[in-house]
Amino acid sequence: MNTLQADRIMKAVVDGVDDYAAIAQQAQIDPTELVKHDEVVDRAISLMCGFYKYADENMKPAGLPPPKNPYLDAGKAIDEQCPEYFAFEAVQRNGMDRERSIWTCGQLGLEADAAETAVDNVCIPWRSSNGWKTYVREEGGKYVLQNHPPVKLKRHIERFLKQLTATD
């Protein structure tokens, strides 16, 4: 399993999805590929169920006004900002989904491939370009910016990702 697939599987699990078919759909992979890693996925689902039941008190929707864009580099002009700056501006809006966010990034001047990568980077906190700054939860196909990323789970998520990407 490659890193992108593992990221998307963990993103679905962290979003609270606990059904294999829904995880495979959100991760855009074949369900049989997911079943090969059922032990790791089951442990991750169990961890997230416990997290949302007992420990998610600091992770709520960001609300209004939206938080300051953590990707803003005040020393640069607007057209010199990193792609994640524009992706954050797109996903923080109410009722945005993946396609609309990528389209909005395109309207802000990003190419489609760069926009897709930037949206993933903003939504997935364990990506190196995110650095645990932001987390965007997907609820019913719509993006909901959270006020805090799930940093309490950092070690566990990194361990699950390592296990998912290990060669079979």
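Predicted model only: the values in this text are computed from it and were never measured.
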Closest heavy-atom contact between [X] and [Y]?
X      : Y      : value
Ile124 : Asn130 : O-ND2, 3.3 Å
Pro149 : Tyr135 : CA-CB, 3.6 Å
Phe51  : Pro150 : CZ-CB, 4.4 Å

Tell me whether Lys36 is salt-bridged to Glu33, with the criterion being a basic N under 4.0 Å from an acidic carboxylate O.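 Yes, this pair counts.
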Charged N-O contact under 4.0 Å between Asp38 and Arg43: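 Looking at Asp38 and Arg43, the cut-off is not met.
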Would you check if there is a donor-acceptor pair between the side chains of Arg8 and Gln28 at a distance under 3.5 Å?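 Yes - a donor-acceptor pair under 3.5 Å links their side chains.
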Go through the side-chain N and O atoms of Thr134 and Tyr71 and say whether any donor and acceptor fall under 3.5 Å apart.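 Short answer, yes.
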With a 4.5 Å cut-off on side-chain heavy-atom distances among I, L, V, M, F, W and Y, is there a chain of contacts connecting Leu4 to Trp126?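 No, Leu4 and Trp126 fall in different hydrophobic clusters.
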Could you see if Leu153 belongs to whatever hydrophobic cluster contains Val40? Use Ile, Leu, Val, Met, Phe, Trp, Tyr and a side-chain cutoff under 4.5 Å.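 Looking at the clustering, Val40 is in the same group as Leu153.
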Could you measure the distance from the CD1 atom of Ile29 to the CD1 atom of Ile23? Nearest 0.5 Å is fine.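 The CD1 atom of Ile29 sits 9.0 Å away from the CD1 atom of Ile23.
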Gap between atom NE2 of His156 and atom CD of Glu158 - 0.5 Å precision: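 Here the rounded value is 10.5 Å.
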Not counting sequence neighbours, which residues clear side chain to side chain contact (heavy atoms under 4.5 Å, CB included) with Ala6? List them please.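 With neighbours one apart ignored, the set is Met1, Leu161, Leu164, Thr165.
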Residues which pass side chain to side chain donor-acceptor pair (under 3.5 Å) with Asp42, listed by chain and number, not counting sequence neighbours: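 Only Tyr20 meet the side chain to side chain donor-acceptor pair (under 3.5 Å) criterion with Asp42.
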Would you say Glu139's side chain and Arg137's backbone share a donor-acceptor pair under 3.5 angstrom?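 Absent.
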Atom NZ of residue position Lys142 - does it have more than 12 heavy atoms of other residues, nucleotides or ligands inside 6.0 Å?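 Yes, NZ of Lys142 has more than 12 neighbouring heavy atoms, counting only those of other groups under 6.0 Å.
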Set of residues satisfying salt bridge (Lys or Arg N to Asp or Glu O under 4.0 Å) with respect to Arg127, sequence neighbours excluded: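 Expected list: Asp7.
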Please list all pairs passing the salt bridge (Lys or Arg N to Asp or Glu O under 4.0 Å) test where one or both residues lie in residues 10-24, with sequence neighbours left out.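 Listed once each, the pairs are Lys11-Asp15.
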Which atom pairs, one a donor and one an acceptor, fall under 3.5 Å between side chains of residues 99-110 and the rest of the protein, sequence neighbours left out?
residue	atom	partner	partner atom	Å
Arg100	NH1	Gly95	O	3.2
Ser101	OG	Asp97	O	2.8
Thr104	OG1	Arg100	O	2.7

With a 3.5 Å cut-off and sequence neighbours excluded, list the donor-acceptor pairs that the side chains of residues 77-93 form with protein atoms.
residue	atom	partner	partner atom	Å
Gln81	OE1	Asp73	N	2.9
Gln81	NE2	Asp73	O	2.8
Gln81	NE2	Lys76	O	3.2
Glu84	OE2	Asn121	ND2	2.7
Glu89	OE1	Gln92	NE2	2.9
Glu89	OE2	Asn69	ND2	3.0
Arg93	NH1	Glu89	O	3.3

